[in-house]
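As structure tokens, the structure follows; a few thoughts come after it.
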Amino acid sequence: MTIVVPEPRPALDPALVEALKALLGNRFSMSSADRESHGRGESWHPGEPPDGVCRAVSTEEVAAIVRLAAQHRTPIVAFGAGTSLEGHVGATRGGLSIDLAGMNRILAVRPDDLDATVEAGVTRQQLNTHLRDAGLFFPVDPGSEATLGGMAATRASGTNAVRYGTMRENVVQLTAVMADGRIVRTGGRARKSSAGYDLTRLLVGSEGTLGIITELTVRLYGIPEAISAATCRFDDIADAVQTVTTLIQCGIPVSRVELLDGNTMAAVNRHFKATFAEVPTLFFEFQGTRAGVDEQAAQVEEIARDHGGAGFEWASGQEALNRLWHVRHNVHYAIQGMRPGARVWSTDVCVPISRLTELVRATRDDVAGASFFVATVGHVGDGNFHLGLVIDPADPAELAEAEALNDRLVRRAIAMEGTATGEHGVGSGKRKFMTLEHGEGIAVMRAIKQALDPLGILNPGKVLPDPA
């Protein structure tokens, strides 16, 4: 969907504009192209362009921009790679976008401590390329070319979360600029601490509404001795999910287990010119010693067979592994390709693993009558799955139908003691469900927001619902 942005409107205080030009030079822009590209992510959400774009290159520069914005009571939205799916980067009330992509230095790697400190604009691929010769890697893998600062802000996870956890478990400490321009460094690098409030966990997942993350220290892991992957097909999606539930409950340490339904496999075949069976399929990856990997694979194959799985196909060698996960990581574009010109309403929920089969079965029945293409993809090893609703956002009837499907999915998940979003984050797209999920906890969240951002300038219109 092409978004036409008018030429700069006189929304920013001229004194603020002059101050930003003096601070940033040509790294401050009010051009239509810059504003449009910083007002949208990868989702169906319509673009909401800021009034100006600031390209920062240091924490101190971010702090200076924030102090100017606070002085002029101007909203600020942090921007990384623009890969968000729930309207996180839209400038709902205009103001400034602070682009952190230029803050892309790897500041320190400490192999003995298994951690690294990076600026917020470093991507996970950039860090892993840098670490390769040290025999280390950073495991959190949402599948996109996302920045680590953005991943921390949205508490991202992805395909490796079943073994290595999410950004919540893998951020050790961080540096953030608060709403008044103060620079705060949270915690030390010790593996544990009971000293004071956990400000790191408060800011991880806050989506730029409490502070702007500019640097972070993340955990690293040794590259496994052996890695193997396989696919297994099923006639019934519920049998595939039950397979995963069983292997998790048995404590088999798979590193990745991904579900793609028949529609998704059809999209994959069309997009990649592949020849997979167009039925529900699990993608597995096993890591460890060679003997450990072989043992895990044998156990999983036996469990899958007991639940109707067939046709285990192994990806041997690094090239085959890369090809298999390239398919999984680019499923979003394969799904979108099933309807040229449309956009994907991508939604995710997460439930306790024991309720996942029930939720997937109910959702399958619910979407069966949809008037548009619907695909199901899941990080099912941790109870998380996604729907991709391929819609025309300009069609009010399709938007209403998609919204109703999404609402029913989220409400089912919350009723099962799950969550409205396992990894996409809240943004503007899911904030209406926050009271249902958190109850009186929303009042506590509002109190924290008011204390840290009394002017309400940090990414307004996100995460917290409007007061009744």
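Just so you know, residue 1 is the first one in the sequence shown, and it goes up from there.
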ask   = Counting N and O atoms only, with roles assigned by atom type, does the side chain of R201 sit under 3.5 Å from a partner on the main chain of R168, one being a donor and the other an acceptor?
value = yes

query = Has the side chain of D453 got a donor or acceptor atom that lies under 3.5 Å from a matching backbone atom of I457?
reply = yes

message = As a quick check of understanding, evaluate side-chain hydrogen bond (donor to acceptor under 3.5 Å, both in side chains) for N104 and E119, giving each step before the final call.
response = CA-CA 5 Å; N104 58 3; E119 291 184 322; over 6 Å; no

query = Residues in side chain to side chain contact (heavy atoms under 4.5 Å, CB included) with D392, at least two apart?
reply = R339, A394, D395, E398

inquiry  = List the residues meeting side chain to side chain contact (heavy atoms under 4.5 Å, CB included) with A304, not counting sequence neighbours, and say none if there are none.
reply    = C232, F234, T243, F312

inquiry  = With heavy-atom distances below 4.5 Å as the criterion, would you say the side chains of E285 and V254 are in contact?
reply    = no

message = With a 6.0 Å cut-off (strictly less than), is the heavy-atom count around CG of D407, excluding the residue itself, greater than 12?
response = yes

query = For H329 and D141, does a side-chain donor sit closer than 3.5 Å to a side-chain acceptor?
reply = yes

inquiry  = I need the minimum non-hydrogen distance between C250 and I303, along with the two atoms involved.
reply    = SG-CD1, 4.4 Å

request  = Kindly give the heavy-atom pair with the smallest separation between T214 and V177, and that separation in Å.
outcome  = CG2-CG2, 4.0 Å

request  = May I ask you to test the E258-H379 pair for a side-chain heavy-atom distance under 4.5 Å?
outcome  = yes

inquiry  = Set out, in order, the CA-CA distance, both residues' side-chain angles and the distance that settles side chain to side chain contact (heavy atoms under 4.5 Å, CB included) for Q125 and F138, then state yes or no.
reply    = CA-CA 9 Å; Q125 291 96 327; F138 176 70; over 6 Å; no

query = Is there side-chain contact between L203 and L174, with at least one heavy-atom pair below 4.5 Å?
reply = yes

request  = Look up atom CZ in F137 and atom CZ in R132, then write down how far apart they are to the nearest 0.5 Å.
outcome  = 12.5 Å

request  = In sequence, state the C-alpha distance, the side-chain angles, and the governing distance for T154 and E207, and then conclude on side-chain hydrogen bond (donor to acceptor under 3.5 Å, both in side chains).
outcome  = CA-CA 5 Å; T154 56; E207 303 184 17; over 6 Å; no

inquiry  = Any donor-acceptor pair under 3.5 Å linking the side-chain atoms of K449 with those of S206?
reply    = no

ask   = Between E403 and W345, does any side-chain donor sit less than 3.5 Å from a side-chain acceptor?
value = no

ask   = Taking only residues two or more places apart in sequence, or in another chain, which ones meet S43 in a side-chain hydrogen bond (donor to acceptor under 3.5 Å, both in side chains)?
value = none

message = Does the plane of the ring in F283 sit parallel, tilted or perpendicular to the ring in F276? Use 30° and 60° as the thresholds.
response = tilted

ask   = Between the side chains of Y221 and N160, is a donor N or O closer than 3.5 angstrom to an acceptor N or O?
value = no

ask   = Which atom names give the shortest non-hydrogen contact between I212 and A78, and what distance separates them?
value = CG2-CB, 4.0 Å

Parallel, tilted or perpendicular: ring planes of H38 versus F79, cut at 30 and 60 degrees = tilted

request  = Output all residues satisfying salt bridge (charged side-chain N to carboxylate O under 4.0 Å, His left out) with R305, sequence neighbours left out; order by chain, then residue number.
outcome  = E301

Sub-6.0 Å ring centroid separation between H424 and H88 = no

message = Applying side chain to side chain contact (heavy atoms under 4.5 Å, CB included), can you list everything that pairs with N459, at least two apart in sequence or on another chain?
response = V77, T209, K462

inquiry  = We want to know whether E42 and T83 form a side-chain donor-acceptor pair, criterion being a heavy-atom distance below 3.5 angstrom.
reply    = no

query = For G150, does its backbone N or O pair with a side-chain atom of T147 as donor and acceptor, under 3.5 Å?
reply = yes

query = Sequence neighbours excluded, which residues qualify as side chain to side chain contact (heavy atoms under 4.5 Å, CB included) partners of V162?
reply = I248

Stepwise salt bridge (charged side-chain N to carboxylate O under 4.0 Å, His left out) test for R27 and E61 = CA-CA 11 Å; R27 288 185 287 112; E61 208 164 65; 2.6 Å; yes

query = Judged by atom type as modelled, is there a donor-acceptor pair below 3.5 Å linking the side chain of S29 to the main-chain atoms of S31?
reply = yes

ask   = Are S371 and E401 linked by a side-chain donor-acceptor pair shorter than 3.5 Å?
value = yes

key: Closest contact, heavy atoms only, L356 versus V380   = CD2-O, 3.5 Å

ask   = Is the number of heavy atoms from other residues, nucleotides or ligands within 6.0 Å of CD (E417) greater than 12?
value = no

task = Check whether more than 12 heavy atoms from other residues, nucleotides or ligands sit under 6.0 Å from atom CZ of R408, and answer yes or no.
result = yes

task = Give a yes or no on whether the backbone of D99 and the side-chain of R55 come within a donor-acceptor separation of less than 3.5 Å.
result = no

query = Between the side chain of T421 and the main-chain N/O of G425, is any donor-acceptor distance below 3.5 Å?
reply = yes

inquiry  = Can you classify the ring geometry of W314 versus F286 as parallel (below 30°), tilted (30 to 60°) or perpendicular (above 60°)?
reply    = tilted

task = Classify the side-chain pair T159/R328 by whether it contains a donor and acceptor separated by less than 3.5 Å.
result = no

task = For T217 and D115, test the side chains for any donor-to-acceptor distance below 3.5 angstrom and give the result as yes or no.
result = no

query = Is the shortest distance from a Lys or Arg side-chain nitrogen in D348 or K430 to a carboxylate oxygen in the other one below 4.0 Å?
reply = yes

key: Ionic contact status for R364 with D261, cut-off 4.0 Å   = no

query = Just wondering, do P142 and M151 contact through their side chains at under 4.5 Å, heavy atoms?
reply = yes

ask   = Does any donor atom in the side chain of T166 or E423 lie under 3.5 Å from an acceptor atom in the other side chain?
value = no

ask   = For the side chain of T123 and the backbone of Q126, is there at least one donor-acceptor N/O pair under 3.5 Å apart?
value = yes

query = Do any N or O atoms from the side chain of R219 and from the backbone of E169 form a donor-acceptor pair under 3.5 angstrom?
reply = yes

task = State whether a side-chain donor-acceptor pair under 3.5 Å links Q287 with Y164.
result = yes

message = Would you compute the distance between atom CG of L96 and atom CZ of R35 and round it to the nearest 0.5 angstrom?
response = 11.5 Å

inquiry  = Any carboxylate oxygen within less than 4.0 angstrom of a Lys/Arg side-chain nitrogen, looking at E358 and R355?
reply    = yes

key: Heavy-atom closest contact (V140 atom, S157 atom, distance)   = CG1-O, 3.4 Å

task = Answer with yes or no after comparing the ring centroid distance for Y333 and F272 against a 6.0 Å cut-off, counting only values under it.
result = no

ask   = Going through the distances and angles, do V390 and I335 end up as a side chain to side chain contact (heavy atoms under 4.5 Å, CB included)?
value = CA-CA 7 Å; V390 188; I335 293 169; 3.4 Å; yes

message = Using only atom types and a distance under 3.5 Å, with no angle test, would you say the side chain of R93 pairs donor to acceptor with the backbone of P460?
response = no

key: Where L148 and L127 come nearest, the two heavy atoms and their spacing   = CD1-CD2, 3.9 Å

task = Test R361 against I237 for side chain to side chain contact (heavy atoms under 4.5 Å, CB included), laying out the working first.
result = CA-CA 8 Å; R361 185 182 288 119; I237 193 171; over 6 Å; no

query = Yes or no on side chain to side chain contact (heavy atoms under 4.5 Å, CB included) for L409 and D366, after CA distance, side-chain angles and deciding distance?
reply = CA-CA 9 Å; L409 170 64; D366 194 18; over 6 Å; no

Side chain N330, main chain H326, donor-acceptor under 3.5 Å = yes

